[in-house]
Amino acid sequence: MKKVVKSVLKVIGAASILVFATFDTGTIINPVDVKTTTGEIISLSDGENVDVLKETPDGFIVQKDNVNAEVNHKDILIFKGDTSEYTVRRLTPLLDNKNGGEAKRVLMEGEAVTVQLNEGEYSFVLTEDNKTGYVLSSDLAKEVVENVVNAVITGPYQLIDGTTFKSGTPVVIKNYQNGQFTVLEKGGVEFMIDKEYVKINYDELNRGIESRNTALQNDILNIAMSKLGTPYAYGTSGPNSFDCSGFTSYVYKELGIKIPRSSASQSGYGKTVSKEELLPGDLVFFNTYGSGVSHVGIYIGEGKFIHAASTNEMRVMINSLSENYYKSRYITAKRVF
């Protein structure tokens, strides 16, 4: 299951794991004037690259010159996206402090880590065995996601060498520059074509994102429900016992998604969503004692969530957000898929 889901996350839906200060880069394919969040009008030029902050029902929120604006999805394409996933280039220490701290352990060449904060010379990372610390940024190599954008040629198109492609020929768009797409035909021929001869399959693009998200939601719920009744034990993260954040991190780790270990740290990870926006698989957070986040569970739909409860039951169980105890202690929710 892990390998299957990881491959899913490497395509268009990879934007769903954007966190902290990592962005996709979008290319404007139609010059357009858009209104910023502060009410100003800015012009986006044909072929211009912009940072993509998040997806909306109609397009994307992009950033230019430190101002944000929404661009219709038909005016922008995302060919490559950054993720928070990095690979260790060489043997390097994982430090507890970037100012000459002690090494917690040595990171091996090729080991995967998640960058939670880039601080220039050093980056604060999370390892696959849930250890955090500082690493020299120069010792990390970023993974780049290549997005798949399907299209068809809208009319007969002839290359300089005489090769002709008929209308309806399916292609994958690789890049865009100076009014032309770089496309790859299924026979392996890569060429440049004027954009007026290309029709992008936006319906397929949207369905692909939705179907991958639905599949991932189902996987999250299946893994979480398989642990129903498992005993609660503080400081454990499965598979035979869990505390609350150990349970949520275990479920996501089984799907190849690394999130921080503690409930407080998890509450700062991913996209904030309101109660009205909750989808199965979202993380829900509570203040069960003191101040701030101290408990976390996974929303399963119909107003319910599954969690490792440290109350009298002391087990993985299902409760409702509308119960007085949890309703009065609810803080926020995050989406990380």
Side-chain angles (χ1 to χ4, degrees), residues 1-6 8-9 14 16-20 22 83-86 94 104-105 107 111-117 124-133 213 216-273 278-288 292-300 305-311 314-319 326 331-337:
M1 179 184 292
K2 291 182 182 180
K3 291 183 179 179
V4 172
V5 176
K6 282 184 178 180
V8 167
L9 294 175
S16 62
I17 57 174
L18 291 177
V19 292
F20 300 99
T22 59
T83 76
S84 54
E85 302 298 313
Y86 284 69
L94 178 69
K104 293 184 175 181
R105 71 172 177 86
L107 299 179
E111 182 174 346
V113 297
T114 301
V115 171
Q116 297 189 335
L117 185 63
F124 186 72
V125 305
L126 172 70
T127 67
E128 289 191 313
D129 59 349
N130 286 319
K131 295 186 184 302
T132 57
N213 282 344
L216 184 54
Q217 287 173 315
N218 290 337
D219 286 337
I220 292 170
L221 298 191
N222 287 338
I223 294 172
M225 296 298 286
S226 73
K227 295 301 179 180
L228 198 61
T230 303
Y232 175 94
Y234 179 77
T236 61
S237 54
N240 300 315
S241 64
F242 301 95
D243 63 16
C244 67
S245 56
F247 174 65
T248 52
S249 61
Y250 170 86
V251 170
Y252 274 94
K253 186 177 180 181
E254 285 294 289
L255 297 171
I257 303 173
K258 297 185 290 295
I259 62 175
R261 175 61 176 82
S262 71
S263 58
S265 296
Q266 289 176 13
S267 69
Y269 194 91
K271 172 189 174 183
T272 301
V273 292
L278 281 171
L279 294 176
D282 288 340
L283 298 177
V284 287
F285 298 91
F286 307 87
N287 172 19
T288 51
V293 170
S294 55
H295 189 64
V296 60
I298 298 174
Y299 186 70
I300 62 173
F305 68 103
I306 185 170
H307 62 132
S310 59
T311 53
M314 298 289 287
R315 60 185 173 85
V316 175
M317 59 184 295
I318 295 172
N319 285 96
Y326 294 105
I331 295 180
T332 189
K334 293 286 184 175
R335 182 168 301 151
V336 298
F337 60 87

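Only this structure's heavy atoms are used, side chains among them; waters, hydrogens and symmetry mates stay out.
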Any chance you could lay out the side-chain contact (heavy atoms from CB on, under 4.5 Å) test for Ile318 and Met225, step after step, and finish with the verdict? CA-CA 9 Å; Ile318 295 172; Met225 296 298 286; 3.7 Å; yes
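- Contact detail for Pro231 and Asn240: the closest heavy-atom pair is CD-O, 3.5 Å.
- Salt-bridge formation is not detected for the pair Lys271/Asp282: no Lys NZ or Arg NE/NH1/NH2 atom is positioned less than 4.0 Å from an Asp or Glu carboxylate oxygen.
- Residues Thr272 and Lys334 have side chains that bring a donor and an acceptor to within less than 3.5 angstrom of each other.
- Inter-residue side-chain proximity for Ile220 and Glu254 is flagged as unmet; no heavy-atom pair is nearer than 4.5 Å.
- The backbone N or O of Ser262 lies less than 3.5 Å from no partner atom in the side chain of Ser265, so there is not a single donor-acceptor pair.
- Checked by atom type, the side-chain pair Thr248/Ser245 shows no donor-acceptor distance below 3.5 Å.
- Using a 30° and 60° split on the angle between ring planes, Tyr326 and His307 fall in the perpendicular class, above 60°.
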Hey, mind stepping through Val296 and Phe286 against side-chain contact (heavy atoms from CB on, under 4.5 Å) and telling me if it holds? CA-CA 6 Å; Val296 60; Phe286 307 87; over 6 Å; no
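- Pro260 approaches Tyr269 most closely through the heavy-atom pair CD-CD1, 3.5 Å.
- Val113 approaches Lys258 most closely through the heavy-atom pair C-CE, 4.4 Å.
- A donor and an acceptor atom, one from each side chain of Thr236 and Ser241, are located under 3.5 Å apart.
- Under the 4.0 Å criterion applied to side-chain N and carboxylate O atoms, Glu111 and Arg105 are assigned as salt-bridge partners.
- Nearest heavy-atom pair, Pro239 versus Tyr250, reported as atom, atom and distance to 0.1 Å: CB-OH, 3.9 Å.
- In plain terms, the two heavy atoms of Arg261 and Gly246 that are nearest each other are NH1-N, 3.0 Å.
- Residues Phe247 and Ile306 share a closest heavy-atom pair of CE2-O, 3.9 Å.
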Begin with the C-alpha distance, continue with both residues' side-chain angles, and end with the deciding distance and a verdict on side-chain contact (heavy atoms from CB on, under 4.5 Å) for Val336 and Tyr252. CA-CA 9 Å; Val336 298; Tyr252 274 94; 3.3 Å; yes
